[in-house]
2 protein chains.
Amino acid sequence: MAILGFLRDFPLHGYDLKNRVASLAGHVRPIADGTLYPTIKKLEDAQCLTRRTAPGSVAAPRHMLEITQTGTDQLRRWLRDPEPGFITDDNKWYVMLAFLHHLENPREQALMLARRREFLDQPAQLFFDADGAPIPPERLESPFRKGLMQIHRSTNLTEIDWLDRQIAELNQRAGYAVRQREGS
Amino acid sequence: MAILGFLRDFPLHGYDLKNRVASLAGHVRPIADGTLYPTIKKLEDAQCLTRRTAPGSVAAPRHMLEITQTGTDQLRRWLRDPEPGFITDDNKWYVMLAFLHHLENPREQALMLARRREFLDQPAQLFFDADGAPIPPERLESPFRKGLMQIHRSTNLTEIDWLDRQIAELNQRAGYAVRQREGS
DNA sequence: TTTTTAAACCTCGGAGTCGATATATCTTGC
DNA sequence: GCAAGATATATCGACTCCGAGGTTTAAAAA
């Protein structure tokens, strides 16, 4: 998803892609060569991208990768109907956010933000005692667990705040677009 | 690591462990049976835990798992010298935080928090233009990318604030412990 | 009485990822 | 003139993890 998402902006070669994906995913989590190049080949076989050999600007020749219409469709499908992990896993959700603008309908964009918002709304119960009863932060003995829950709560509120503002704006824009089409 | 960490608190059976790990890791990311049970067996083979069959309280018999001294040592080793991902990947870092209190030396605890703090200090450059130059948030066209960077920045500051306070407290406690031992 | 449901455990195959290794190209320093 | 290092691409085996399926046990529902 990140590969196709970046290629939507402009053509890139593998080495460049590697660095961009690394900077984005999980914030500087490197992606291995053994992962990247087979994936590129898979996307090429699926006709999601085309390859054009160009002289390397500094060294060995590059394979400039360009996204196709099939690839764009695939990307949109992934964005429109993501696996559950893309909503609940922070790292994956960040990837969603990074490319959500490629979903051009503001209503579809708002829908995704709403799904994330709904997920964040559930109260976090991270730790349980021997009987299975959830332990509230103030009854935790470990200061690290206490901090973990505090940070979790605080960062959730920050994101919820942004999500609400963004959803409102998107819905307004969607409503405006509808009114435009209806000529009212 | 999460398995041994939870078993440090009190003995548990696999099914219970599954739910606890799921609640913690990535906040309600379920862990598959096909991952859990082979891992338990691996830890048992490595003598990190022992198994004692007990009648199931509700249904089928349970295998109560208890951590051994070897397991405790292993857990401490993982906490003391974690793979890089445990500092840079939010999900994994949360697992670190959840069990860091099992590292009993406050100086070692502070050291880990300091490593995380150092990582968070690096300015996040998530997106780059065609020339490879980083794009600051205000020049991003996508509101989602802009929001991503804002949220990232804000949540980082929240965590840094907590880290600093916690590190100071731990160092004070460590210093106090030293003074106690030196009898001054 | 039988069926269903839930608790609890386990295995296997496939998919995905990584680390090591290899190769080609160009620039820079010695 | 040559070695070193960065750029750039690729493959292979090992490892991890998941999902699908299957088993046993007991309680609850039919």
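Any value given below was found using the heavy atoms of this structure, including those in side chains, with hydrogens, waters and symmetry copies removed. So that the names make sense, note that chain A is the first sequence line, chain B the second, and so on, each numbered from 1.
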DNA chain C: A:A32 or B:H63, which has the more 5' nearest nucleotide?
-> B:H63
Toward the 5' end of DNA chain C, which comes first, A:P61 or A:P38, by nearest nucleotide?
->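 Its nearest nucleotide being more 5', the pick is A:P38.
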Can any side-chain N or O of A:S23 pair as donor or acceptor with the backbone N or O of A:N19 at less than 3.5 Å?
->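 Side chain of A:S23 to backbone of A:N19, a donor-acceptor pair under 3.5 Å: yes, one is there.
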Under 4.0 Å from OP1 or OP2 of [N]: is there any side-chain N or O of [X] that close?
| X | N | result |
| --- | --- | --- |
| A:T35 | C:dC18 | yes |
| B:R51 | C:dC10 | yes |
| A:H13 | D:dT7 | no |
| A:K41 | D:dT9 | no |
| B:K18 | C:dA7 | no |

Starting from [atom2] on [N], measure out to [atom1] on [X] and report it in whole angstrom.
| X | N | atom1 | atom2 | result |
| --- | --- | --- | --- | --- |
| B:N19 | C:dA6 | CG | C1' | 12 Å |
| A:L43 | D:dT9 | CG | C1' | 16 Å |
| A:Y15 | C:dT25 | OH | P | 17 Å |
| B:I31 | C:dA8 | CD1 | P | 17 Å |

Identified salt bridge (Lys or Arg N to Asp or Glu O under 4.0 Å) partner of B:R116 from the options B:D164, B:D121, B:D90 =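 Per the salt bridge (Lys or Arg N to Asp or Glu O under 4.0 Å) rule, the option paired with B:R116 is B:D90, out of B:D164, B:D121, B:D90.
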Checking all strands, does A:G34 fall into the base, sugar-phosphate, or nothing category for heavy-atom contacts under 4.0 angstrom?
-> base
Within the 6.0 Å centroid threshold, strictly below: B:F6 and B:F99 | yes
With the side chain of A:D33 defined as its heavy atoms from C-beta on, choose the nearest nucleotide among D:dT24, D:dT11, D:dC18.
->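 The listed nucleotide nearest to A:D33's side chain is D:dT11.
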Minimum-distance nucleotide (side-chain atoms of A:Y37 versus D:dT9, C:dC18, C:dG16) =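 Minimum distance to the A:Y37 side chain belongs to D:dT9.
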Please check if atom CZ in B:R165 has more than 12 non-hydrogen atoms from other residues, nucleotides or ligands closer than 6.0 Å.
-> yes
